[in-house]
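Read the structure below first, then the notes.
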Amino acid sequence: MGRDYPGFVDASFRRFRDVPELMRDGPEVLMRIQRAHGDRVRIRIGIEDFLLISDVADARHVLVTHANGYAKSEHYRGLKAALGRGLVTSEGALWRRQRKLVQPAFRPAAIEALAPTMTECAAAMLDGWRAEGEASFDVHEAMMAVTFQIAGRTLFGQDLSRETGPVTEAFEVALAFANDYAESLLPLPLWAPLPRYRAFRRAMATLDSALAAVIDEKRGASGDDLLGAMIHATDEDGQMSVRQLRDEAMTLLAAGHETTAVALSWTFWWLAQHPAIADAVSEEARRVLGDDLPDATIVRELPLTGRVLHEAMRLRPPVWIVERQPYLDDALPSGVRIPAGSIVGISPWVLHRHAAHWTNPEGFDPERFTEERSAGRDRYAYLPFGAGPRVCIGGSFAMVEATILLAMIAREWRLSLLSGQRVHYRPGITLRPTPGIQMRRTHVG
Ligand code: HEM
């Protein structure tokens with residue numbers, strides 16, 4: 001039998017038929033459990049225990065003040081297989097060194113220097129839309145394409161989507177495998193002689209050699225993209241090895257593009273259901289941008305656009321769960337004990353709807369992010385980028401990118417939902433809309 005967790009309410013999840021629901025509706029199931037059982041719940045899934053923590057003081061303890069006592073959970077094994085030991089998946093001294101080496105590439109001046117690339121990619125996409133005219137399309141597919149292009153160009157100085165088809169494909173295969181592998185209840189070793197495992201190994205070999213070639217080529221050049229900055233970053237132990245650079249490059253590509261695409265796709269989905277807010281976003285973009293191509297400083301001048309993005313990420317946080325495992329037995333501020341090795345889950349989806357912090361939590365209301373209405377709200381009630389030492393390194397990058405894209409699209413186009421579709425989310429590593437979001441774009445004004 002399993003362990004006892006005094007202080008945790010038991011929401012045993014034993015029936016086999018519940019597991020498919022968890023796979024399909026994970027975030028909503030956790031929300032139901034929090035509403036029914038409170039902020040410290042033990043959920044038993046098969047033979048595994050999962051501790052859902054939804055108290056902000058406990059979350060702060062795990063993610064921030066006692067972060068050193070916790071590792072990322074073993075459920076990130078799929079990501080580890082694809083990303084190696086990059087920032088998202090490494091621990092301890094290696095993670096500390098890497099974070100220090102990579103951090104300067106994300107300082108405000110560096111992001112400002114990357115903003116024109118983001119703007120160019122957005123403008124190229126919009127040129128295509130203009131040439132095609134009013135049309136129906138899958139907005140998620142479009143956002144995945146443009147954020148992948150931005151990631152490729154800001155990271156490697158190359159348009160991965162256009163110039164290197166096999167690399168894009170290999171990347172998709174590797175990440176899809178990582179997602180499924182992370183979720184699989186009985187993962188086989190990576191060398192398993194099965195077709196999907198073989199395809200994954202082939203994809204990783206393609207990515208390895210492509211990245212090694214790019215790294216080699218960039219060694220001699222000055223670094224004005226993220227990879228260049230990482231290649232030239234040095235500490236007392238010297239520069240990063242090729243292997244480490246490969247892992248960090250894969251990590252940034254994976255962590256940076258789908259998350260932002262997911263945030264934008266859901267933003268358009270919400271705006272389509274709130275036409276008055278969509279009009280106000282278009283009006284703000286036209287007034288502030290005029291006919292210009294925006295730069296990074298524009299973000300400060302588009303406060304409504306920012307609030308809309310935050311409200312969309314509150315209701316559909318692209319990273320809907322973060323998981324940790326304590327190295328040793330630990331006690332949370334609420335008094336309960338966490339045995340060493342237990343899986344602890346903190347869900348932005350749940351915190352973002354928690355009755356203690358939000359009124360009308362299911363309503364789409366960007367104005368809740370005005371300074372006035374945010375005052376007094378606990379900082380840990382809203383965690384789209386996580387918190388503490390492992391907070392998202394790309395949070396500002398993502399906000400600049402998403403604001404530029406949303407504003408440039410909204411000043412020209414109104415996006416409305418095609419009727420008759422049922423959009424759900426797939427609770428993988430991110431919260432992708434599935435099967436996509438079919439929208440019609442029409443000219444604004
Ligand atoms: C809307 C977009 C994004 C969202 C919602 C998001 C969310 C997150 C969250 C919640 C974490 C913390 C995970 C944890 O604590 O277990 C994280 C970590 C991370 N993110 Fe993001 N992210 C976004 C965009 C980006 C971008 C654009 C990049 C890079 C270009 C990036 C790179 C990373 C990296 C490297 C980490 C690991 C940091 C570490 O552990 O030191 N993310 N992200």
Side-chain angles (χ1 to χ4, degrees), residues 59-60 62-64 67-68 70-76 79-80 83-92 94-103 105-107 110-111 114-115 117-118 143-144 146-148 150-156 182 225-227 229-230 247-267 306 309-310 312-325 343-349 351-352 380 382-406 429-432:
R60 178 166 172 266
V62 171
L63 296 178
V64 187
N68 287 347
Y70 288 79
K72 293 217 159 177
S73 109
E74 65 202 22
H75 290 162
Y76 294 109
L79 274 182
K80 235 178 229 167
L83 308 181
R85 297 198 302 163
L87 274 182
V88 169
T89 45
S90 58
E91 302 288 348
L94 174 64
W95 169 78
R96 268 192 300 281
R97 170 175 196 237
Q98 289 305 119
R99 181 94 192 193
K100 259 199 204 140
L101 284 170
V102 177
Q103 190 79 54
F106 287 90
R107 68 190 191 282
I111 292 170
L114 295 173
T117 305
M118 300 173 183
M143 294 303 107
M144 287 290 274
V146 71
T147 56
F148 193 65
I150 290 174
R153 287 199 40 200
T154 53
L155 195 50
F156 305 118
D225 47 49
L226 294 173
L227 184 61
M230 291 194 297
D247 289 354
E248 295 304 354
M250 275 292 285
T251 295
L252 294 182
L253 199 52
H257 110 95
E258 181 168 324
T259 43
T260 314
V262 165
L264 279 161
S265 305
W266 289 117
T267 301
L309 287 167
H310 282 305
M313 286 196 291
R314 182 183 70 80
L315 284 164
R316 293 281 184 279
V319 177
W320 62 281
I321 183 107
V322 296
E323 292 183 8
R324 297 289 191 269
Q325 282 182 275
I343 307 259
V344 177
I346 295 166
S347 168
W349 176 288
L351 290 174
H352 293 179
Y380 296 95
Y382 179 63
L383 294 178
F385 296 112
R390 313 255 355 201
V391 70
C392 179
I393 204 168
S396 306
F397 180 111
M399 285 310 293
V400 169
E401 177 182 5
T403 306
I404 285 175
L405 276 163
L406 176 53
I429 294 163
T430 70
L431 215 49
R432 269 187 194 212

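Order of listing sets the numbers, starting from 1, for every ligand and every atom in it.
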Of all the atoms in ligand 1, which lie at a distance below 4.0 Å from a heavy atom belonging to [X]?
| X | result |
| --- | --- |
| R324 | 14 (C), 15 (O), 16 (O) |
| P318 | 5 (C) |
| W95 | 39 (C), 40 (O), 41 (O) |

Lys/Arg-Asp/Glu bridge criterion (N-O < 4.0 Å) met for E91, R390: yes
Starting from atom 5 (C) of ligand 1, find the nearest protein heavy-atom neighbour and note its residue, name and distance. P384 O, 3.5 Å
If you scan protein heavy atoms around atom 38 (C) of ligand 1, the nearest is R99 NH1, 3.3 Å
Quick one: look at T260 and ligand 1, take heavy-atom pairs under 4.0 Å, and tell me if it's side chain, backbone, both or neither. both
Under 4.0 Å between heavy atoms, the region of E323 that gets near ligand 1 turns out to be neither
Which protein N, O or S atoms sit under 2.8 Å from atom 21 (Fe) of ligand 1? C392 SG
N/O to N/O below 3.5 Å, does that happen between E401 and ligand 1? no
Checking the N or O distance criterion of under 3.5 Å, is ligand 1 in contact with R390? yes
Report, as yes or no, whether the 6.0 Å neighbourhood of atom CZ on R97 holds more than 12 heavy atoms from other residues, nucleotides or ligands. yes
With a sphere of 6.0 Å drawn around CZ of R60, does it hold more than 12 non-hydrogen atoms of other residues, nucleotides or ligands? no
Test item: T89 side-chain N/O and G84 main-chain N/O as donor-acceptor pair under 3.5 Å: yes
So does H310 get a backbone contact from the side chain of Y382, meaning a donor-acceptor N/O pair under 3.5 Å? yes
Counting C-beta onward and ignoring hydrogens, is there a side-chain heavy-atom pair between Y380 and L63 closer than 4.5 Å? no
To check you understand the geometry: which heavy-atom pair defines the closest contact between G86 and D247, and what is its length? N-CB, 3.8 Å
Could you tell me which non-hydrogen atom of W95 sits nearest to which non-hydrogen atom of P389, and how far apart they are? CZ2-O, 3.3 Å
Euclidean distance, R153 CZ relative to T117 OG1, rounded to 0.5 Å: 5.0 Å
Under the rule for side chain to side chain contact (heavy atoms under 4.5 Å, CB included), what residues qualify as partners of E323, not counting sequence neighbours? F50, S73, H75, Y76, I321, I343
